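Since the structure comes first, as structure tokens, the remarks are kept for the end.
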Amino acid sequence: MSASLTDFTAALPKAELHVHIEGTLEPELMFALAKRNQIDIPFKSVDEVRTAYRFTQLQDFLDIYYEGAKVLQREEDFRDLAMAYFDRAAADTVRHAEIFFDPQTHTARGIPFDVVMKGFLSAMEEAERTHGLTTKLILCFLRHLDEDDAFKTLRMSAPWQDRIVGVGLDSSEMGHPPRKFAKVFAAATEMGFKRVAHAGEEGPPEYVREALDILKVHRLDHGNRALEDADLTARLAREAMTLTVCPLSNLKLCVVQTREDHPLPLMLAQGLRATINSDDPAYFGGYINDNYAALAGRLDRDDFAAIARNSFLGSFLTDAEVSAHLKVLDAYLER
Ligand code: ADE
Ligand code: ZN
């Protein structure tokens, strides 16, 4: 990419809408926390960890990702994890971030839900204070577990309801269709939560339809395979459904073979409200600006400006907050 386009996207005001906070655990912090908490990890060095990050599909990554999360034990660990991400995101001119967390990954190991929440909330307050970075939390249910387990997690979230904006669905997609979680999403809706779901990352267009029709999502995470179905694609465009697309993740997990094959330019051409996000940046080789940079050569300034605009439009901020961000974005574009 030309230096000026790199500089342009690097300083573009943007929101990040698809990042798993457990996926921001850098190997250095993994080692530091393993030492602090005297946890054994199956790696001898930071280099060995990075070498292990070769994946041919989503499940290869998830196995390592859940293993790495075991070093997170105490409130300060969750705080340090989130703060490291917020510092990094602010450096990439992220103005607002809506972060996923996977409570079941922690509660299944005996870590209380409250410990996780207190750590994240402390970092979220500091991010706003020190960087002016606003943040929201999205609680994801692990779809490889059953719906009863998701219900247990939803009940645990009740005391923290006003600090969590929505619920999501992540983990192993194939064989775990959105319809498996129809009842818990309905209950979350009753409680006032917004809804998002991973769909069409590895799963077929039918899973995307279920996310729309059964879970009634406000946003679709990934959504790549929706493009295989012309009617579905037209519907997503008509409904101005936000897609949280993750280019480097798609490459690392072999959802897409090369940068030249990445469907994001096609998504924009089809009128889809696509955004660019990092997913699990510590595992996939880059934070949000690296993900923007990955598609340079295939997109121009106007495309990137539209993507940044989409990121605010697709957020769970109020209309007034979105307008304020878009004003800042427009001022940047005029410069
Ligand atoms: N959990 C963390 N990253 C994920 C991804 N890309 N897909 C599904 N579940 C995830
Ligand atoms: Zn994801």
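Since the structure is predicted, the reported quantities are computational estimates derived from the model, not experimental observations. When a ligand or atom number is given, it counts from 1 through the structure's own listing order.
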Fill in the blank from the handout: atom 1 (N) of ligand 1 sits nearest the protein heavy atom H20 CE1, 3.5 Å
Problem - Protein contact to atom 9 (N) of ligand 1 [nearest heavy atom, distance to 0.1 Å] - result: S171 N, 2.8 Å
Exercise for the section: Distance to 0.1 Å, residue and atom name: give those for the protein heavy atom nearest to atom 3 (N) of ligand 1. Expected result: D280 OD2, 2.6 Å
Practice task
May I ask you to list the atoms of ligand 1 that are less than 4.0 angstrom from any heavy atom of H222?
Solution key: 6 (N)
Handout entry: Distance in Å, M267 CE paired with I307 CD1, rounded so as to fall on 0.5 Å steps
Key = 10.5 Å
Fill in the blank from the handout: NE2 (H198) to the Zn ion (ligand 2) to NE2 (H18), nearest 10°, is 90°
Problem - CD (E190) with more than 12 external heavy atoms under 6.0 Å - result: no
Fill in the blank from the handout: Checking distances from the Zn ion (ligand 2), one finds that the N, O or S atom of D279 closest to it is OD1
Problem - Polar proximity ligand 1 side, E201 side, N/O cut 3.5 Å exclusive - result: yes
Handout entry: Residue L62 vicinity, atoms of ligand 1 by number, heavy atom under 4.0 Å
Key = 1 (N), 10 (C)
Exercise for the section: Between Y65 and ligand 1, find which residue part has any heavy-atom pair under 4.0 Å and reply side chain, backbone, both or neither. Expected result: side chain
Practice task
To the nearest 0.5 angstrom, please state how far the CG atom of D80 sits from the CD atom of E76.
Solution key: 6.5 Å
Handout entry: T189 versus K216, side-chain donor and acceptor atoms under 3.5 Å
Key = no
Problem - Note: E228-R225 ion pair, threshold 4.0 Å (strictly below) - result: yes
Problem - Side-chain donor-acceptor contact under 3.5 Å, H144 with S171 - result: yes
Completion exercise
atom 6 (N) of ligand 1 has as its nearest protein heavy atom D279 OD2, 2.7 Å
Handout entry: Worked check of side-chain contact (heavy atoms from CB on, under 4.5 Å) between D280 and K252
Key = CA-CA 10 Å; D280 300 283; K252 268 292 210 183; over 6 Å; no
Exercise for the section: Run the contact test for F100 against ligand 1 with a 4.0 Å cut-off on heavy atoms, strictly below, and give the result. Expected result: no
Problem - Flag side-chain contact, heavy atom, 4.5 Å: I138 against V165 - result: yes
